[in-house]
There are 2 protein chains.
Amino acid sequence: MGLFLSTFVNKVDRKGRVSVPATFRATLSAQTFQGIIAYRSFTAACVEGCGMDFMERLSDSAQSFDAFSAEQEDISALIFADARQLSWDPEGRILLPEDLIDHAGLSETAAFVGKGQTFQIWQPEAYKAMEAEIRSRALKNRPTLPLKPKTGGA
Amino acid sequence: MGLFLSTFVNKVDRKGRVSVPATFRATLSAQTFQGIIAYRSFTAACVEGCGMDFMERLSDSAQSFDAFSAEQEDISALIFADARQLSWDPEGRILLPEDLIDHAGLSETAAFVGKGQTFQIWQPEAYKAMEAEIRSRALKNRPTLPLKPKTGGA
DNA sequence: GTGAATACCATTGACGCCCATGGCTACCCA
DNA sequence: TGGGTAGCCATGGGCGTCAATGGTATTCAC
């Protein structure tokens, strides 16, 4: 299973095009749709991104009540309505729609931020600020991450 | 299952390259991604290192979000966003990104410190100081490590 | 017909790959 | 037991390739 890792800052050109990081494209290469799914985050000033398979999983989850609460059903409804398929050109660039650019406050550059199964697109300075905040909070709280035991193999 | 054991101090060349200890490479040799995952520790001046399988376990753990507090989501966000895939060259070297070098205060040499399932990369002098501190604390506190019973296989 | 979106092409700079070297160790053989 | 040798691992540097980027042309839609 491929993951979206690391953060890449790429330029947005005059036409609104931006290169999707090569490693992200590699992560999505197995999928039928050659591109990304993008929708406006409703918790932060950024764009959420993922592959089609994640959308399908989201859809499956929304079906089963016990997995998703009513609120979460609302959320998934929002997501599906807002989501758009952005296919990349032969060079691996996507064209960012105007409203996504507005929502994330993008201008010259865009930061692709890996979140594991998904990723986000931020205005780089805004992300830096957000990251600093989270990092300082982590430093204070020293939270721990309960690791699941290894699944299946090895 | 392979573990990361012992400590190795290797040189960082002018291009920022450093050899990953051969035994660490052997530990990771079975994995799909031939290289290491590295991210800045948020509790110490060092770089955390692991294999892709460890990252995937982390991602799996993050999936069940009812088990996840906001804090813990913070952590996984920080880790995935900061994690870089550093593949090694045919000689077993990785290229250390500038900000990782800065965070750990690396210059001429780097210490690879085994931590079992994961490892860390330290500025050698800094690690020596940290180790001395931990050791003296252990002498005082006599910490214990509850051993799990053997799980089924291997 | 005009504008936008997509495809095509060219440039460049970073990164990955290749070859060469040196030192240490472990092994072999006398 | 000691010298020689071979192999592995860490190291240094040069070169080619690919990803990111900027621009132009062509096609599609309205």
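Chain letters run A, B, ... following the sequence lines, proteins first and then strands; every chain starts at 1.
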(message) Listing request: all side-chain hydrogen bond (donor to acceptor under 3.5 Å, both in side chains) pairs with a residue in residues 134-144 of chain B, at least two apart in sequence or in separate chains.
(response)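 Only B/Glu131-B/Arg135, B/Glu133-B/Arg137 qualify under side-chain hydrogen bond (donor to acceptor under 3.5 Å, both in side chains).
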Return the set of residues passing salt bridge (Lys or Arg N to Asp or Glu O under 4.0 Å) with [X] (not counting sequence neighbours), or none when no residue passes.
X: B/Lys115; answer: none
X: B/Arg17; answer: B/Asp13
X: A/Asp102; answer: none
X: A/Arg40; answer: A/Asp82

(message) I need the CH2-C1' distance between A/Trp88 and D/dA20, as an integer number of Å.
(response)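 After rounding, the gap between these two atoms is 15 Å.
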(request) Check the distance between D/dT21's C1' and A/Ile94's CD1 and give it to me in whole angstrom. (result)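 Interatomic distance, CD1 of A/Ile94 to C1' of D/dT21: 15 Å.
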(request) Can you pull out how bent the helix from C/dG1-D/dC30 to C/dA30-D/dT1 is, comparing the axes over its first five and last five pairs, to 10°? (result)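 Answer rounded to 10°: the end axes differ by 40°.
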(request) Could you name each residue pair satisfying salt bridge (charged side-chain N to carboxylate O under 4.0 Å, His left out) that touches residues 22-36 of chain B, not counting sequence neighbours? (result)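 Sorted pair list comes back empty.
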(request) Name all residues meeting the side chain to side chain contact (heavy atoms under 4.5 Å, CB included) criterion together with A/Ala26; count only those two or more places apart in sequence or in a different chain, and write none if there are none. (result)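 For A/Ala26 there are no side chain to side chain contact (heavy atoms under 4.5 Å, CB included) partners, ignoring immediate neighbours.
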(message) Quick check: on DNA chain C, is the nucleotide nearest B/Leu95 upstream (toward 5') of the one nearest B/Pro90, or the reverse? Name the residue that is more 5'.
(response)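 Final value for this comparison: B/Leu95.
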(message) Please say yes or no: joined through hydrophobic side-chain contacts below 4.5 Å, possibly via intermediate residues, are B/Val9 and B/Leu5 part of one cluster?
(response)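 No, B/Val9 and B/Leu5 fall in different hydrophobic clusters.
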(request) Quick one: list whatever passes side-chain hydrogen bond (donor to acceptor under 3.5 Å, both in side chains) with B/Asp53, sequence neighbours left out. (result)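 Listed in chain order: B/Gln31.
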(message) Please identify the 5'-most and 3'-most nucleotides of DNA chain C with any atom under 4.0 angstrom from a heavy atom of chain A.
(response)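 Under 4.0 Å from chain A, the extent on DNA chain C is C/dA5 to C/dC9.
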(message) I'd like to compare against my own output: the B/S/- annotation of nucleotides 8-14 of chain D with a strict under-4.0 Å heavy-atom distance to protein.
(response) -SSBBBB
(message) Clusters formed by hydrophobic residues whose side-chain heavy atoms approach within less than 4.5 Å: which one holds A/Ile94, and what are its other members?
(response)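 A/Ile94 shares its hydrophobic cluster with A/Phe4, A/Phe8, A/Val12, A/Val18, A/Val20, A/Phe24, A/Leu28, A/Ile36, A/Val47, A/Leu86, A/Trp88, A/Leu96, A/Leu100, A/Ile101, A/Leu106, A/Phe112, A/Phe119, A/Ile121.
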